[in-house]
Structure formats: structure tokens, C-alpha cells
Amino acid sequence: MSIDQTTAARIAKLARIKVEEDALPELAEEFNAILGFIEQLNEVDVEGVEPMTSVTPQRLKQRADEVTDGNQQAAILANAPDAREGFFAVPKVME
Amino acid sequence: MMDELNKLSLAEARDALKRGDVTSVELTESCLGAIEGSGALNAFVHKTPEIAMERARAADERLQTGDAPAMCGLPIGIKDLFCTKGVPGQAGSRILQGFVPEYESTVTQNLADAGAVMLGKLNMDEFAMGSSNETSVYGNAVNPWRRSGDDAQLTPGGSSGGSAAAVAADLCLAATGTDTGGSIRQPAAFTGTVGVKPTYGRCSRWGIVAFACSLDQAGPMTKSVRDSAIMLGAMAGHDPKDSTSADLAVPDFEGMLTGDIKGKTIGIPREYRMEGMPAEIEKLWSDGADMLRDAGAKIVDISLPHTKYALPVYYVLAPAEASSNLARYDGVRYGHRAKLAQGDGINEMYEKTRAEGFGHEVQRRAMIGTYVLSAGFYDAYYNRARKVRTLIKRDFETVFADGVDAILAPATPSAAFGLGEMKDADPVQMYLNDVFTVTVNLAGLPGVTVPTGLDGQGLPLGLQVIGRPWEEGEMLNAAFALERAAGFVAKPEKWW
């Protein structure tokens with residue numbers, strides 16, 4: 001399965017990374033090199049094998065459903081590139 | 001006062017502090033002086049001398065009262081991936097430029113509670129993605145080792161390249177690292193130091209910038225196996241803030257270092273004997289097996305049949321998890337935001353911010369991860385890789401069930417290579433650096449690399465001991481036996 005420029009552009013879009021038009025051929029080529037390497041996995045018989053979901057066989061712990069944190073507005077906004085009046089500010093979202 | 005206190009090991013410094021022969025302030029000043037003179041190595045990227053001196057003075061007070069925890073007064077470096085409150089940290093990435101964490105990672109908190117003195121933050125590959133520290137926004141970290149008669153700059157390995165360079169050059173007594181596919185063990189091997197990747201879940205991941213959550217583990221990078229045992233004990237422990245952190249008691253790892261491995265069974269995996277393996281690596285490996293045999297261990301040939309699929313599995317799963325983890329860098333909550341053009345909306349902001357903020361390798365992996373998780377390819381790539389991961393883990397479970405106590409393997413396919421040497425290589429070529437280390441992450445096992453020899457050009461080479469899950473103590477003891485038998489004492493000649 002080979003990745004063409006249209007697919008490369010679609011992947012970049014899905015990943016929300018701007019890739020200039022003239023960089024697409026090289027990107028597609030790199031994807032193909034990596035995916036070609038990954039193709040080896042098709043040789044393996046995985047019939048009846050469960051996908052690994054947990055590195056260590058353990059049940060995820062449950063905790064009491066209670067508030068343990070909060071009231072940290074200043075700390076949460078401290079690193080924001082644009083924070084105004086206690087909110088994160090972003091460009092226009094709605095058309 | 002002793003000379004060159006920065007050259008001490010953790011154990012030597014700890015014992016000297018307890019005897020009152022030195023103070024933490026003296027140790028810390030010695031390291032800060034070494035750091036000042038080490039600009040050419042580009043290892044320390046955010047220095048914290050005020051924090052260091054404050055903690056050193058506090059440690060000296062504790063030592064005076066006889067209340068000295070395990071790392072009391074010992075100056076260490078911290079990989080830039082760990083969030084440390086009030087100290088800039090950007091995971092080697094432009095996208096986190098200016099980020100100052102409002103909180104402290106559990107591991108660095110544990111170290112601080114154990115009395116350790118933080119000297120600063122250490123260089124690394126961007127988001128821990130790399131094997132040569134060449135993807136860092138701070139520029140390359142440089143290996144203090146050079147080939148004999150050659151002043152070409154070499155890589156200290158990656159991603160924990162700054163940590164490895166700093167420990168090897170005696171800028172600190174020890175450092176933290178993180179290991180997702182070999183990022184502690186490969187740089188340790190390239191710099192003649194000891195690096196431990198603990199069992200998955202042994203050290204909390206909370207507050208460490210995430211690369212691939214099911215693979216990431218923090219661990220110590222030190223000058224000796226004993227030092228790793230001391231530091232791992234201080235880093236480890238259950239943390240309710242990390243749901244995959246194991247609720248298990250932390251053993252006294254140092255106390256388990258007897259050097260006695262009589263009757264232990266050490267497996268030599270035949271699939272690690274790669275085609276085209278350099279004769280030097282092959283010899284190093286068989287010499288290591290002989291050393292363990294001489295120490296009383298039983299050496300057996302074992303098979304891990306799915307080994308050759310570990311790298312392709314890794315290069316599906318790690319990018320998949322990374323693409324998800326990197327989604328948070330959106331220019332809204334922290335770090336860099338691109339300057340926008342008139343009329344740009346939120347999507348343009350995301351796309352421009354991420355294009356400017358992420359370096360090439362990180363972009364590539366985020367996109368590969370996006371692809372293998374996308375509709376129509378999820379089963380073919382991601383799910384298939386997770387199934388092969390089950391088989392890789394089963395390979396190890398089988399040999400451990402057959403009575404193997406630990407596994408001996410090479411750490412890397414070569415000694416440190418030159419910075420820039422791999423520039424024109426295909427990305428897959430660079431990924432091959434992880435061929436001996438990545439299986440351990442996939443199976444969640446502990447692994448340690450120990451320097452055991454020099455190559456023909458005078459560069460260090462390391463061997464790797466892989467342990468059973470949760471048996472870091474026994475693994476470190478085998479590594480200790482190997483360290484003693486190998487008697488590796490070489491140090492890089494100071495040129496920086």
C-alpha cells in the first residue's frame with residue numbers, strides 16, 4: 001500500500017499540522033519507507049491472539065468519586081499564550 | 001576538602017557526607033563549577049544553581065541532625081521531560097518554549113523528598129523521539145568520549161543524551177532519564193555509564209511529558225550499578241496519580257547487591273545474533289556470558305522468536321500513542337502559538353502552531369500515528385501491532401516460566417556514532433539503534449545496561465541484562481556481578 005501526495009496531505013490535515021504543498025512528495029516518500037518497514041507485521045500469524053491492552057495484568061484502580069482538586073484558575077492560565085478575564089482566548093471558532 | 005568532588009559516585013558521596021568528610025554545599029559547588037565549564041557538551045539546558053544551593057544547605061542541616069534519607073545532599077541532573085515546579089521545561093521542543101510547570105512530577109518530588117539536590121535540566125531529543133539527541137530544540141548534546149586520535153564530535157545517544165553526557169563527564173553525580181524504546185539504555189551504553197529502565201509501573205509517570213504511555217518509564221542514569229540501585233529506590237513507589245503505577249512495596253535494591261549469582265540461569269537469546277553484527281559486539285557479548293558463567297551462573301541458549309517484529313510493532317504503537325499525546329499542544333493552554341494572518345480561524349491556528357512548534361521527527365511520528373489510527377487502517381496496523389506485542393511478551397513469559405532468571409544481550413548494535421553521520425540515512429536506519437532495547441519496553445520488563453569494554457577506537461560498549469517483571473533487585477545483582485568481572489574503569493579524557 002503506497003501513500004500518494006493526496007493521502008499525505010490528508011494525514012497532515014488530520015494531524016492538524018500545516019505542510020506546504022512542495023513538501024508533500026518528500027513526506028509521502030518518508031511515510032512509504034516507514035510503512036514499508038511496518039508491512040513485515042503481515043507475516044505474523046495473529047489468528048486468535050488478543051491485542052495487548054495492559055502491560056501489567058492489573059485492574060485499573062478505582063477511587064472515591066469526590067472532589068480532590070480545584071480553585072486553581074491562576075495556575076491553569078499561567079502558561080497560556082493568550083488568557084483574558086479568566087479564560088483561554090482563541091481565534092474565531094464559529095463561522 | 002577532597003579534590004574534584006563532582007567525580008564521586010552517589011555511594012561514595014553519600015558515605016563521605018555521613019562521615020562528615022564533605023558537605024553537600026561543597027559537592028554541589030563542585031558540580032556547579034563543572035557545569036559552568038561544560039558549555040561544549042550542551043548537556044545542561046536550564047541551570048538551577050539557586051535551587052541547588054538552597055537544597056544543599058537544607059541537606060547539610062538534615063545531615064547534622066542525623067536525619068539523612070537515601071539521597072540526602074547528592075547533586076543530580078533532571079531530564080528536561082520531567083516537570084519541575086517553577087523551573088522551565090520544554091521536553092526539548094520549541095512548542096513548549098517558555099513553559100514553566102505549575103507542578104512537580106512525582107519522580108522528582110520523590111527524589112527531592114529523599115534529599116537529592118537538583119542542579120538543572122538536561123538536554124534530550126524533542127519529546128524523547130530520537131536516538132542521537134539531534135532532534136532537540138537546544139541543539140545537539142555532545143558525547144564527552146571521542147574516538148582515539150580523532151576530534152570528531154560524537155552523539156551521546158538519545159533520547160536521554162544530555163543525561164548520559166552529564167553523568168559521563170562528571171557534571172553531576174547521577175541523572176534521571178526516561179526510556180520508551182531504549183532512551184536510557186542506549187545513551188548509557190554510548191557513554192560508559194549505567195542506565196536502568198525499570199519494570200513498567202515501578203516509577204510514576206505523573207508529571208513526565210508523555211511520549212507513549214504504555215511504554216514510557218523513568219529510571220536512573222549513574223556511574224555504577226550500586227548508584228542505580230540507590231537512586232531507583234528513591235525514584236520508585238506507588239502513586240495514586242498514575243493509574244498504571246504498581247501498588248507494590250519498593251525493595252531495598254542496594255541491599256540485594258551481593259554479587260552472588262551462583263545457580264542463577266542466564267539466557268542468551270539466539271535471535272539477538274543479528275546478521276551483520278560487528279565482531280566487537282559479538283565478542284563483548286560472549287565475554288559477558290563467560291564472566292557470568294565464571295561467577296557461577298548457568299548460561300543457556302534461549303529463543304525469543306518474535307524479536308524481529310519488535311521494531312515494526314514499536315513504530316506503529318509508539319507513534320500512535322504519541323499522536324494522541326501530542327494533540328494537547330494546540331497553542332491554547334501552554335507554550336508556543338503561531339502568529340496568525342488576517343481571517344485565520346482556530347484550525348489555521350492549530351496547523352500553523354504545530355508546524356512551527358514541532359520539529360521534523362516529531363511531525364513525522366505524529367502523522368504516522370494519525371495514519372495508523374485512522375478509519376480503515378486501525379485494524380490493519382494498530383490492532384495487528386497490539387496482537388504481535390502480545391506474542392513478543394509471551395516469548396519472554398515462556399522463557400521465564402522455563403526457569404530463566406535473567407537475559408544477557410548487547411545494548412546497542414555499535415558504539416557511539418558521529419553527530420550528523422546519520423543525517424542522510426533513512427529514518428528506519430536510525431530506528432535500528434533500538435533493536436536490542438525495544439523488546440523490553442514492549443514486554444514491560446526491567447533492563448539495565450552496564451559498560452563492559454571499549455571498542456577498537458577506544459569508545460565504550462555496554463551489555464544489557466533483562467530481568468523478570470518486578471525483579472529489578474535480582475537483575476541489578478546480575479549486572480553488579482558483570483560490572484565487577486568486567487572492571488570497566490575508563491573515563492573520557494577531558495577536552496571540553
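Letters A, B, ... are given to chains in the order of the sequence lines, protein chains preceding strands, and every chain is numbered from 1.
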Would you give me the side-chain donor-acceptor pairs under 3.5 Å for residues 319-337 of chain B, sequence neighbours excluded?
from      : atom 1 : to        : atom 2 : distance (Å)
Glu321(B) : OE1    : Cys213(B) : N      : 2.8
Glu321(B) : OE1    : Ser214(B) : N      : 2.7
Glu321(B) : OE1    : Ser214(B) : OG     : 3.4
Glu321(B) : OE2    : Ser214(B) : OG     : 2.6
Ser323(B) : OG     : Ala320(B) : O      : 2.9
Asn325(B) : OD1    : Arg328(B) : NH2    : 3.2
Asn325(B) : ND2    : Phe211(B) : O      : 2.9
Asn325(B) : ND2    : Glu321(B) : O      : 3.4
Arg328(B) : NE     : Asn325(B) : O      : 2.9
Asp330(B) : OD1    : Val332(B) : N      : 3.0
Asp330(B) : OD2    : Arg333(B) : NH2    : 3.3
Arg333(B) : NH2    : Arg328(B) : O      : 3.0
His336(B) : NE2    : Glu356(B) : OE1    : 2.7
Arg337(B) : NE     : Gly331(B) : O      : 2.8
Arg337(B) : NH1    : Ala89(A)  : O      : 3.3
Arg337(B) : NH2    : Ala89(A)  : O      : 2.7
Arg337(B) : NH2    : Gly331(B) : O      : 3.1

Quiz prompt | Heavy-atom proximity to chain A below 4.5 Å, by part of Leu311(B) | solution = both
Exercise. With a 4.5 angstrom heavy-atom cut-off, could you sort out which part of Tyr431(B) is near chain A: side chain, backbone, both or neither?
Key: side chain
Exercise. Name the option with the most non-hydrogen atom pairs under 4.5 Å to chain B; the candidates are Glu20(A), Glu29(A), Glu43(A), Gln72(A).
Key: Glu43(A)
Quiz prompt | Criterion side-chain hydrogen bond (donor to acceptor under 3.5 Å, both in side chains) on Ser204(B) and Asp239(B), from CA distance to verdict | solution = CA-CA 6 Å; Ser204(B) 168; Asp239(B) 178 12; 2.6 Å; yes
Quiz item: Under a 4.5 Å heavy-atom cut-off, does chain B meet the side chain of Phe31(A), its backbone, both or neither?
Solution: both
Practice problem: Would you check if the side chain of Thr7(A) reaches a backbone N or O of Ile3(A) as a donor-acceptor pair within less than 3.5 Å? | Solution: no
Practice problem: Quick one: which of Arg16(A), Arg10(A), Lys18(A) has the most heavy-atom pairs under 4.5 Å with chain B, could you say? | Solution: Arg16(A)
Exercise. Please determine if Arg364(B) and Glu30(A) form a salt bridge, counting it only when a charged side-chain N lies under 4.0 Å from a carboxylate O.
Key: yes
Quiz item: Between Asp45(A) and chain B, which part of the residue has a heavy atom less than 4.5 Å away: side chain, backbone, both or neither?
Solution: backbone
Self-check item: Side-chain ion pair, Arg202(B) and Glu472(B), N-O less than 4.0 Å
Solution: yes
Quiz item: Contact part of Ala443(B) toward chain A, heavy-atom cut-off under 4.5 Å: side chain, backbone, both or neither?
Solution: backbone
Practice problem: Let me know if Leu27(A) has heavy atoms under 4.5 Å from chain B in its side chain, its backbone, both or neither. | Solution: side chain
Exercise. Considering only NZ, NE, NH1 and NH2 on the basic side and carboxylate oxygens on the acidic side, decide whether Asp344(B) and Lys352(B) come within less than 4.0 Å.
Key: yes
Quiz item: Heavy-atom distance under 4.5 Å to chain A: side chain of Val428(B), backbone, both or neither?
Solution: side chain
Quiz item: Just checking, is any N or O donor in the side chain of Glu126(B) or Ser93(B) under 3.5 Å from an acceptor N or O on the other one?
Solution: yes
Quiz prompt | chain A contact via Lys393(B) - side chain, backbone, both or neither, heavy atoms under 4.5 Å | solution = side chain
Quiz item: For Arg63(A), is it the side chain, the backbone, both or neither that has a heavy atom under 4.5 Å from a heavy atom of chain B?
Solution: neither
Quiz prompt | Most contacts with chain A, counted as non-hydrogen pairs under 4.5 angstrom, among Arg394(B), Met349(B), Arg384(B), Glu102(B) | solution = Arg384(B)
Quiz item: By a 4.5 Å heavy-atom criterion (distance strictly below it), what part of Glu50(A) contacts chain B: side chain, backbone, both, or neither?
Solution: backbone
Quiz item: Is the closest basic N to carboxylate O distance between Asp216(B) and Arg205(B) below 4.0 Å?
Solution: no
Practice problem: On the 0 to 90° scale, with breaks at 30° and 60°, tag the Phe127(B)-Phe358(B) ring pair as parallel, tilted or perpendicular. | Solution: perpendicular
